[in-house]
> 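If you scroll down you'll find the structure; I have some questions about it.
Basis for what follows: all heavy atoms, side chains included, without hydrogens, waters or symmetry-related copies.
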Amino acid sequence: MFGYRVPAPDEAMLISGGRRGMGNAPFRVVTGHGAFVLPIFRKTRFLTLAMCESEVDETCVTKQGIALTVRAVIAFKVGNDKESIVNAGQRFLSDQDQMSILTGRIFAGHLRSIIGSMTVEEIVTERQKLATEVLETSKTEMGTIGLTVDSLQIQSIDDGQTGYISAMAAPHKAAIQRQAQIAQAQATQASVEAQQFAERNQAEYARQTAVVRAQYSAEVDIAQAQAAQAGPLAQAHAQQEVLAAQTELAQRQAELRQQQLVAEIVKPAEAEAERIRVLAVAEANRMKIQAEAASSYDRVALDRMLIDQLPLIVKEAAGGLAGANVNVLNGADGLGEIAAGLVGQGLTILDSVRQNLGSPQSRAEKPNTDGGPRRLDSGSIDVD
């Protein structure tokens, strides 16, 4: 709209002419909104409310008489209240750059004053204290001209060629260097120890790996050897079992053969021998009875009868061998020995009969005259 003016957010619009502003201000202040301005009758100017910066590079003398060059930066702006805007507008509206120049000069003066009451050690070690004191002392003056300081930063403090600050820092610098060297040595030692530890770990790992590989290789070799020997061992075991079975079979066959020999040769021979013995005993008893019966008559006739019966005894004894399974080991000599044995048996029986007939006991009981049976001492009964 014609004649309506609006200031920027970081500006204050100053309207002069017509109605005056607050107090004795020669203009009206408008911020944050617009206002209708009559052309020709009113004049409008704008004052910045943005942040401004001022640098200070001042040589100051300390309490000890040592010259220091101090560099600082001040951040300031016009105050937001109407009074500060009026004060700043009356002073800087025509040349707003003068705000930075004047602010730098004000702070330079206060820096010289405050640094003159401090030692170098205090200035170097307590910069924040220095900045705070400068702000406090300059606050009233800055308010008078409508400015407010947001911050003051002391960038550097230099003693030029005197070397006082360097000398003051030498012990600390040496201590710091010593600590740095110690830290470096400790770091180097830690690095070496870490490297040695890593190398030991690598060596241990390599050793364990070699041991495991050797164990695996040994197990593989054992498995391969066992696999290679499995066939021959199985074959040998099978052969051993076959030999054991054959040995057991041979033993059983030998026992069976022994049993067969006993059944075929020994048992029949024993049975035949028993039969011959029984027949011989019976024949001897019969001959004895006959001899006892004939002893009272004619001894010569009895002997003759016995002699006549001898071939029959031998024949009967030989007849017992007819059905026996007798093995002749010596051929013709063996047969002669068998025949001589049979004759010897007969003669033995004959001698026994003669001895019994010739002994007094054999005639202990004489035959009855009535022709009845008589009892001999052997308990046998003879019947004529």
Side-chain angles (χ1 to χ4, degrees), residues 10-12 23 25 29 31 47-177 179-180:
D10 58 348
E11 289 180 339
V29 178
T31 58
L47 178 66
T48 181
L49 301 179
M51 182 67 63
C52 299
E53 182 181 284
S54 177
E55 294 184 359
V56 176
D57 187 354
E58 190 71 16
T59 300
C60 308
V61 179
T62 66
K63 182 178 180 180
Q64 299 159 316
I66 299 173
L68 298 177
T69 300
V70 180
R71 296 180 179 84
V73 176
I74 304 101
F76 67 95
K77 64 181 292 296
V78 177
N80 293 327
D81 58 291
K82 296 290 182 67
E83 183 179 0
S84 296
I85 294 173
V86 171
N87 291 333
Q90 288 178 338
R91 290 172 176 81
F92 306 109
L93 186 59
S94 297
D95 188 4
Q96 298 186 27
D97 292 336
Q98 289 295 320
M99 288 188 296
S100 297
I101 298 173
L102 181 59
T103 300
R105 291 175 180 176
I106 292 173
F107 273 88
H110 288 290
L111 275 174
R112 286 193 301 271
S113 174
I114 294 173
I115 288 176
S117 63
M118 298 176 67
T119 64
V120 178
E121 288 78 6
E122 292 175 345
I123 295 170
V124 172
T125 58
E126 299 179 2
R127 290 190 181 187
Q128 187 60 39
K129 178 182 178 181
L130 174 62
T132 303
E133 290 183 3
V134 172
L135 284 175
E136 290 296 329
T137 55
S138 62
K139 185 176 183 181
T140 303
E141 291 185 48
M142 295 293 290
T144 300
I145 60 178
L147 302 178
T148 60
V149 179
D150 288 341
S151 67
L152 169 63
Q153 295 294 331
I154 298 176
Q155 293 181 329
S156 65
I157 299 174
D158 187 10
D159 61 352
Q161 301 297 326
T162 60
Y164 186 90
I165 296 177
S166 299
M168 183 180 64
H172 302 285
K173 185 176 180 180
I176 292 173
Q177 289 178 351
Q179 292 177 355

> side-chain contact (heavy atoms from CB on, under 4.5 Å) between R127 and T132: does it pass, once the steps are laid out?
CA-CA 9 Å; R127 290 190 181 187; T132 303; over 6 Å; no
> Identify the heavy atoms of M99 and C52 that sit nearest to each other, and give their distance.
CE-SG, 4.4 Å
> Within this structure, what is the CG-CG distance for the pair L147 and N87, rounded to the nearest 0.5 Å?
9.5 Å
> How many angstroms lie between atom CZ of F92 and atom CD1 of I145, to the nearest 0.5 angstrom?
4.0 Å
> Of all the heavy-atom pairs spanning L130 and I114, show the shortest one and how long it is.
CD1-CG2, 3.4 Å
> Go through the steps to decide whether R71 and E55 satisfy the test salt bridge (charged side-chain N to carboxylate O under 4.0 Å, His left out), and finish with yes or no.
CA-CA 7 Å; R71 296 180 179 84; E55 294 184 359; over 6 Å; no
> Looking only at non-hydrogen atoms, find the nearest pair between V70 and I115 and report the distance.
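In this case the closest contact between V70 and I115 is CG2-CD1, 3.3 Å.
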> Heavy-atom distance under 4.5 Å between the side chains of I157 and T69, does that happen here?
no
> Under 4.5 Å between any side-chain heavy atoms of Q96 and L93, yes or no?
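Result yes, sub-4.5 Å side-chain heavy-atom pair found.
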> With a 4.5 Å cut-off on side-chain heavy atoms, are V73 and V56 touching?
no
> With rounding to the nearest 0.5 Å, note down the distance linking CD1 in I74 to OG in S138.
8.5 Å
> Hey, does L47 have a side-chain heavy atom less than 4.5 Å from the side chain of E11?
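A side-chain contact under 4.5 Å is absent here.
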> Looking at E126, I'd like to know if its CD atom is crowded, meaning that more than 12 non-hydrogen atoms belonging to other residues, nucleotides or ligands lie closer than 6.0 Å.
yes
> Are side-chain heavy atoms of K139 and L135 found at a separation under 4.5 Å?
no
> Check A131 against L152 and note the closest heavy-atom contact, atom names and distance.
O-CD2, 3.6 Å
> Please list, chain by chain and in numerical order, all residues satisfying side-chain hydrogen bond (donor to acceptor under 3.5 Å, both in side chains) with E122, sequence neighbours excluded.
none
> Hey, does E141 have a side-chain heavy atom less than 4.5 Å from the side chain of H110?
yes
> With the side chain counted from C-beta on, respond yes when T62 and L68 share a heavy-atom pair under 4.5 Å apart, and no when they do not.
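With C-beta onward as the side chain, the pair touches.
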> Search all heavy atoms of L49 against all heavy atoms of G79 and return the closest pair with its distance.
CD2-O, 4.3 Å
> Look at the side chain of D159 and the backbone N and O of I165, then say whether any donor-acceptor pair between them is shorter than 3.5 Å.
yes
> Which heavy atom in S54 sits nearest to a heavy atom in F76, and how many Å separate them?
CB-CE2, 3.8 Å
> Could you tell me the separation between the CD1 atom of I123 and the CG atom of L111, rounded to the nearest 0.5 Å?
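Taking CD1 in I123 and CG in L111, the distance rounds to 9.5 Å.
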> At what distance, to the nearest 0.5 angstrom, does CD of Q128 lie from CD of E133?
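Rounded to the nearest 0.5 Å, the CD-CD separation comes to 11.0 Å.
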> Going by the side-chain contact (heavy atoms from CB on, under 4.5 Å) test, name the single residue among E58, M142, R112 that passes it with F107.
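Considering E58, M142, R112, a side-chain contact (heavy atoms from CB on, under 4.5 Å) with F107 is found only for M142.
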> How many angstroms lie between atom NZ of K63 and atom CD of E121, to the nearest 0.5 angstrom?
11.0 Å
> Answer whether the closest heavy-atom distance between the side chains of V29 and T31 falls below 4.5 Å.
yes
